Amino acid sequence: MWFQQFARPLLFRIEPERAHRLTIRMLKRKPLSGALTGGGPADDPVLATTVGGLIFPNPVGLAAGVDKNAEAPLAFLDLGFGFAEVGTLTPHPQKGNPRPRIFRLEEDRAIINRLGFNNQGQDAAIARLKLYARRPGPIGVNIGANRDSPDRIADYAGGARAMCPYADYLTVNISSPNTPGLRALQDKAMLEALLAAVIENNSHQCPVFLKVAPDLKPADIADIAEVAIAHGVAALIVSNTTISRPTLRSRHADEAGGLSGAPLAPLAAERLAGFRHVCGGALPLIAAGGVGSGADAYARIRAGASLVQLYTALIYEGPDLGRRIADDLADLLKRDGFASVAEAVGVDARA
């Protein structure tokens, strides 16, 4: 409880974006390789799983947006996560949207952000990723397009070409609500062209994941699944933040941007179920959005997710949450007689 009693009250006195930067700076002080001080990824044998040909020591991952510039992925793996996704990274550095652009909704255990892909660019991240030769778990790279790009598909193609040599997997992020027009790339014809360009430029054949929005209609789900399967996408991440607003208590409820955290959970779970219904077991799914406990992670796995990702819950529960969720998940799997994560994937969807 040290985080809730001592660290969180101090951090919550600081403007959210400054608090985030302070956290990343502290984590950067951890070793780049070897001599891990937090124990490495939680590695109970029941947790090990394979997605896209990659071995994950456990299915609990760090979502993109936490470590935007690939400054501390090994530190997060050291804290117990089974994998870490850095980014979103664009071809060129960009400042993103004007500040303030992150808002804590404490009463709702949520965040609204309108960051707008602020990052130092792909070249800066490559210089860091080259240093992470010894990786106790996969490091994924999430790519996006620059806001002012005249050809966003070319940005994704260039991102694949630049980043795949240094990524264990590549995530194509077309679902952020904070870059105007970006979500239009989820339309079937645009998605066909986009994925074709990404695959063509993936000379290192790293697995390609696709991150989608929760604000989709049933027809969108079917189209996205069809295109993703046809182009050999290795997994879908369901989902990004939402522009919808369920009932919220915080005074920041009406801020523009993407909502994440506990209020997103029902919608994210609904979209996960929709993709599982359409895809069956043909396309692995990664659940993100409102995952904050071992029970949450287990429910998403039983609903069809092979992996889960966290972001907002870390802000409220602290940096050891990944390990706690993984440990609780291992107990739940064993309690119900599962020998592996894979055995539990989609058992409730088949019922």
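In this chain, numbering begins with 1 at the start of the sequence shown. Quantities reported herein were computed from a predicted structural model and do not represent experimental measurements.
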| Passes side chain to side chain contact (heavy atoms under 4.5 Å, CB included), N113 versus N178? Steps please. | CA-CA 8 Å; N113 91 79; N178 299 315; 3.2 Å; yes

| What are the two closest non-hydrogen atoms of A84 and L77, and how far apart are they? | N-CD2, 3.9 Å

Residues 50-68 side chain polar contacts: donor-acceptor under 3.5 Å, at least two apart:
from	atom 1	to	atom 2	distance (Å)
N58	OD1	V60	N	2.9
N58	OD1	G82	N	3.2
N58	ND2	A42	O	2.9
N58	ND2	G80	O	3.0
D67	OD1	A70	N	3.4
D67	OD1	E71	N	2.8
D67	OD2	E71	N	3.3
D67	OD2	A72	N	2.8

Identify all side-chain donor-acceptor contacts of residues 265-288 below 3.5 Å with residues at least two apart in sequence or on another chain.
from	atom 1	to	atom 2	distance (Å)
R271	NE	P214	O	2.7
R271	NE	L216	O	3.3
R271	NH2	L216	O	3.1
R276	NH1	G280	O	3.3

| Can a salt bridge be assigned to the pair D254 and R245 using a cut-off of 4.0 Å between side-chain N and carboxylate O? | no

| field | R128-Q120 side chain donor-acceptor pair, cut-off 3.5 Å | value | yes

Show every donor-acceptor pair shorter than 3.5 Å between a side-chain atom in residues 219-230 and any protein atom, with sequence neighbours excluded, or say none if there are none.
from	atom 1	to	atom 2	distance (Å)
D220	OD2	K217	N	2.9
E226	OE1	K188	NZ	3.2
E226	OE2	K188	NZ	3.3

| Mind checking what makes side chain to side chain donor-acceptor pair (under 3.5 Å) contact with D336, not counting sequence neighbours? | Y298

| message | Whether the D108 and S250 side chains hold a donor-acceptor pair (N or O, under 3.5 Å, no angle test) is what I'd like checked. | response | no

| request: Using ring-ring contact (aromatic ring centres under 6.0 Å, His included) as the criterion, list what pairs up with Y316, not counting sequence neighbours. | output: F12

| side chain to side chain donor-acceptor pair (under 3.5 Å) with R104: which residues, sequence neighbours excluded? | none

| task | Decide yes or no for L11 and R8: does some side-chain heavy atom of the first lie under 4.5 Å from some side-chain heavy atom of the second? | result | no

Result block: side-chain N/O donor-acceptor pairs under 3.5 angstrom for residues 233-241, not counting sequence neighbours:
from	atom 1	to	atom 2	distance (Å)
N240	ND2	N173	OD1	3.3
N240	ND2	S175	OG	3.0

| said: Under the ring-ring contact (aromatic ring centres under 6.0 Å, His included) definition, can you give me all pairs with a residue in residues 219-250, not counting sequence neighbours? | reply: none

| said: Run the side chain to side chain contact (heavy atoms under 4.5 Å, CB included) test against R147 and tell me which residues pass, sequence neighbours left out. | reply: Q94, N97, P180

| request: Measure the shortest side-chain to side-chain distance between I143 and T90 over non-hydrogen atoms and say whether it is less than 4.5 angstrom. | output: no

| By side chain to side chain donor-acceptor pair (under 3.5 Å), which residues pair with Q309, not counting sequence neighbours? | E85

| field | Heavy-atom side-chain proximity of L27 to F76 below 4.5 angstrom | value | yes

| Under the 3.5 angstrom rule, does the side chain of N119 hit a backbone N or O of G121 as a donor-acceptor pair? | yes

| query | Is atom CZ of R251 surrounded by more than 12 heavy atoms (other residues, nucleotides or ligands) closer than 6.0 Å? | reply | no

| request: Using the test side chain to side chain donor-acceptor pair (under 3.5 Å), find all partners of R249 that sit at least two apart in sequence or belong to another chain. | output: none

| request: Quick one: name the residues clustered hydrophobically with L259, using the 4.5 Å side-chain heavy-atom rule over I, L, V, M, F, W, Y, and just say none if it's on its own. | output: F103, L105, I112, L248

